[in-house]
Amino acid sequence: MKIVIVGGVAGGATAAARLRRLDENVEIVIFERSGYVSYANCGLPYYIGGEIERSEDLFLQTPEGFWSRFRINVKTLHEVKAINPAKKTVTVEDKTNQIVFEESFDKLILSPGAKPVIPDFSVNSDDRIFTLRTVEDTIDIHKYATENTPETAVIIGGGFIGLEIAENLSVLGIKVSIIQRGNHVLNTIDQDIASFVHSKIKSKGIDILLETDVKGIENGYVICNCGKIKADIIIVATGVAPESELAKNAGLKLGFKNAVWVDEHMRTSDENIYAVGDAVEVKNFVSGEKANITLAGPANKQGRIAADNICGIKSTYKGAQGASVIKIFDMTVASTGMNETMLKYHGVEYEKVILSPLSHAGYYPGATVMTLKVLFEKDTFKILGAQCVGYEGVEKRIDVIATAIYSGLGADELKDLELTYAPPYSSAKDPVNMAGFIIDNIKSGTMKQFYYDDIESLRARNDITLLDTRTVYEYSRGHADGFLNIPLDSLRERMSELDKSKPVYVMCQSGLRSYLATRILVQNGFDAYNFAGGYRLYSSMYSDKLTSKKAYECGMEK
């Protein structure tokens, strides 16, 4: 049997290696249109900034390595131009020798990946404009930054690639501005969690222009709806789209966002053709809806599953949760499942908890604060998603919750997980357990909550009391307008200052003391609500809005 694979990197290279492990006699050919077949796609931005010093460290495997270890024939700089399903051939262009030929196959695996979305405004011959998808793109950006020593850079798009490039250009001493159409960066997380990311980015001297549309690029200027900004180098990172033209032209069925339709075995509408990776439609594991999720983890799994099925092992792909993590300077941001934007779009009735625990035992040196958010279905308490931002141990907590989602645990059952504990690594009550305790309190009716978005409307009411239970010193350093200060430890003695006929909405720094206050109040006849996320979250959101720069403050000209 002869198997042809179109595209390497995560999906194609994984499929090839798995095929060989399962069948020593099958003939395997990989056609890769770039000059590199298996490389660390997610590591590309870090070569630009020098974190990865040698470009060769990006290469996970070479054509020579594939042949010597697996006897797999890898042909780089070979682009498949067409598929003929009836003849079971592909038309290939050898870009080095400029010849075109046909290659036969018994089974075909498509792993073309995703292509950068190129807005009309960036389609010009300006050599200052770049996108980042391949090793060649990375080398080009690195070379331009080294040889031309740009002073200013504009990143159009605040997703994973945009933020990673922004960081790596910034460490080179370049003044960076990020332009984002939405109201926050990273569409995998919500605005509240993103406010901490904004603060970190701004603290490094990077400007963020939110809710800003780019109209064009002219002579080294990025033209926006509110002015223009000079840029010596411009990175367009406005997202990616499935590379599905080959499949479309071959008559294969397309699905969500023109991604290649596949069944649970990664087989396309042609029984002899499989597809994997960023180009395919998958099922969102949480919602059950169709999705196109462009992450290396799912691509690797899909490549393995395609190979299994070709070799007679009936493996199935159950869907993607979209678990992801990103480093932003010394900060870590991770998420899994669905966020509030997705849940509102799908009309899901949900609840959320937000807490700010320490990364490990507070008495052990070096503990840092993280903010963890867990979303769950109101009636069933099914876990829908989670987000976390902080420094130490962020990804570990999201990994645990991702596993809980896959296993079908209820959100309140997070409290029952037995997780490893030692003072340098965690607390006896891990942050994931703490989230479970809070959710269990909601389920049992022990606690009721209110959120940042509620505060403005609450301030306008005179039939409630807003209460801050932090210390007088904490309150004096900053507080939310309209909140009366009665420290928790003196609440019992000062309860007479509160009107029992009015519901009390309570805030503290992280949510713990305010929860304790609600328990005191409820047991003394009050109707009390706890603020999710604490003043730490409120301050981050409020400060983010105050410090969000206007166009002219970010060096833009009118």
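Looking at heavy atoms from C-beta onward, Arg304 lies out of side-chain contact with Asn300 at the 4.5 angstrom threshold. Side-chain contact check for Asn249 versus Ile83: every heavy-atom pair is 4.5 Å or farther apart. The closest side-chain heavy-atom distance from Val100 to Lys81 is not below 4.5 Å. Leu19 places a side-chain heavy atom less than 4.5 Å from the side chain of Ile5. Using a 4.5 Å cut-off on side-chain heavy atoms (C-beta onward), Leu169 and Ile48 make contact. For the pair Met338 and Glu289, the minimum side-chain heavy-atom distance is 4.5 Å or more. In this structure the side chain of Thr371 never reaches within 4.5 angstrom of the side chain of Lys373, judged on heavy atoms. Side chains of Gln302 and Tyr274 form no contact here, defined as non-hydrogen atoms less than 4.5 Å apart.
Between the side chain of Ser359 and the backbone N or O of Thr368 there is at least one donor-acceptor pair closer than 3.5 Å. Here the side chain of Asn284 pairs no donor or acceptor atom with the backbone of Ala291 at under 3.5 angstrom. A donor-acceptor pair under 3.5 Å links the side-chain atoms of Asn292 to the main chain of Val280, judged by distance alone. Distance alone, capped at 3.5 Å, is enough to place a donor-acceptor pair between the Ser269 side chain and the Lys253 backbone. The main-chain N or O of Ile189 is found under 3.5 Å from a side-chain atom of His184 such that the two form a donor-acceptor pair. When atom types are taken as modelled, the side chain of Glu136 and the backbone of Gly35 share a donor-acceptor pair closer than 3.5 angstrom. Looking at Lys290, its side chain never comes within 3.5 Å of a backbone N or O of Glu281 through a donor-acceptor pair. Without hydrogens or angle criteria, His198 side chain to Ser540 main chain gives no donor-acceptor distance under 3.5 Å. In this structure, Thr62 contributes its side chain and Gly65 its backbone to a donor-acceptor pair below 3.5 Å. Side-chain atoms of Asn148 never come within 3.5 Å of backbone atoms of Pro150 as a donor-acceptor pair (strictly under, hydrogens ignored).
Listed by chain and number, the residues in a ring-ring contact (aromatic ring centres under 6.0 Å, His included) with Tyr47 are His142 (sequence neighbours excluded). By the side-chain hydrogen bond (donor to acceptor under 3.5 Å, both in side chains) test, Thr188 pairs with no residue at all, sequence neighbours left out. Under the ring-ring contact (aromatic ring centres under 6.0 Å, His included) criterion, Phe105 pairs with no residue, sequence neighbours left out. For the ring-ring contact (aromatic ring centres under 6.0 Å, His included) test, no residue two or more places apart in sequence or in another chain qualifies with Tyr317. Judged as a ring-ring contact (aromatic ring centres under 6.0 Å, His included), and not counting sequence neighbours, the contacts of Phe285 are Tyr406.
A salt bridge between Glu102 and Lys87 is present, with a side-chain N of the basic residue lying under 4.0 Å from a carboxylate O of the acidic one.
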Next item on the list: Start with the C-alpha gap between Asp213 and Arg181, add the side-chain angles, then the distance that decides, and say whether salt bridge (charged side-chain N to carboxylate O under 4.0 Å, His left out) holds.
Entry: CA-CA 6 Å; Asp213 287 322; Arg181 175 177 287 180; 3.0 Å; yes
Notebook entry, point to check: Passes side-chain contact (heavy atoms from CB on, under 4.5 Å), Lys88 versus Leu108? Steps please.
Noted result: CA-CA 8 Å; Lys88 295 177 74 172; Leu108 179 68; over 6 Å; no
Note to self: side-chain contact (heavy atoms from CB on, under 4.5 Å), that's the test. Do Ile109 and Val276 meet it? Break it down for me.
What the structure shows: CA-CA 7 Å; Ile109 300 177; Val276 302; 4.3 Å; yes
Next item on the list: Please step through salt bridge (charged side-chain N to carboxylate O under 4.0 Å, His left out) for the pair Asp263 and Arg267, ending with a clear verdict.
Entry: CA-CA 5 Å; Asp263 65 13; Arg267 187 167 43 222; 3.4 Å; yes
Next item on the list: Give the intermediate values and the outcome of side chain to side chain donor-acceptor pair (under 3.5 Å) for residues Ser195 and Asp544.
Entry: CA-CA 6 Å; Ser195 67; Asp544 189 34; 5.3 Å; no
Notebook entry, point to check: Given the rule in the side-chain contact (heavy atoms from CB on, under 4.5 Å) test, do Ile326 and Val197 qualify, once you have shown the distances and angles that lead to the verdict?
Noted result: CA-CA 11 Å; Ile326 181 174; Val197 180; over 6 Å; no
Next item on the list: With side-chain contact (heavy atoms from CB on, under 4.5 Å) as the test, would you mind laying out the steps for Asp190 and Leu375 before giving the verdict?
Entry: CA-CA 11 Å; Asp190 294 312; Leu375 300 151; 4.3 Å; yes
Check: Going through the distances and angles, do Asn258 and Ser244 end up as a side chain to side chain donor-acceptor pair (under 3.5 Å)?
Finding: CA-CA 7 Å; Asn258 287 320; Ser244 58; 5.9 Å; no
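Sparse packing is recorded around CG of Asn219, with 12 or fewer heavy atoms of other residues, nucleotides or ligands lying under 6.0 Å away. Within 6.0 Å of NZ on Lys318 lie no more than 12 heavy atoms contributed by other residues, nucleotides or ligands. Shown here is Phe329, whose CZ atom has more than 12 heavy atoms of other residues, nucleotides or ligands within 6.0 Å. When the shell of 6.0 Å around CZ of Phe70 is examined, it contains more than 12 heavy atoms from other residues, nucleotides or ligands. The number of heavy atoms from other shown groups lying within 6.0 Å of CD (Glu51) does not exceed 12.
Smallest separation of non-hydrogen atoms from Cys226 and Thr212: SG-CG2, 4.1 Å. Summarising the geometry of Ala320 relative to Val282, their closest heavy-atom pair is CB-CG2, 4.3 Å, with the distance given to 0.1 Å. Shortest non-hydrogen contact noted between Val185 and Ile208 is CG1-CG2, 4.4 Å. Between Ile234 and Ile156, the shortest heavy-atom contact is CG2-CD1, 3.9 Å. Between Pro85 and Ala250 the shortest heavy-atom distance is CG-O, 3.5 Å. Closest of all the heavy-atom pairs between Lys115 and Arg133 is CA-NE, 3.9 Å.
Note on residues 162-174: pairs passing side chain to side chain donor-acceptor pair (under 3.5 Å), not counting sequence neighbours, are Glu167-Lys327.
Stacking of Arg71 on the aromatic ring of Trp67 is recorded, both the 6.0 Å distance cut-off and the 45° axial limit being met.
In this structure, the separation between CG on Asp137 and CG on Asp140 is 6.5 Å, given to the nearest 0.5 Å. For the atom pair OG1 (Thr149) and OH (Tyr144), the distance works out to 9.5 Å, reported to the nearest 0.5 Å.
For the pairing with Glu103, the side-chain hydrogen bond (donor to acceptor under 3.5 Å, both in side chains) check across Lys75, His78, Lys2 returns one residue only, Lys2.
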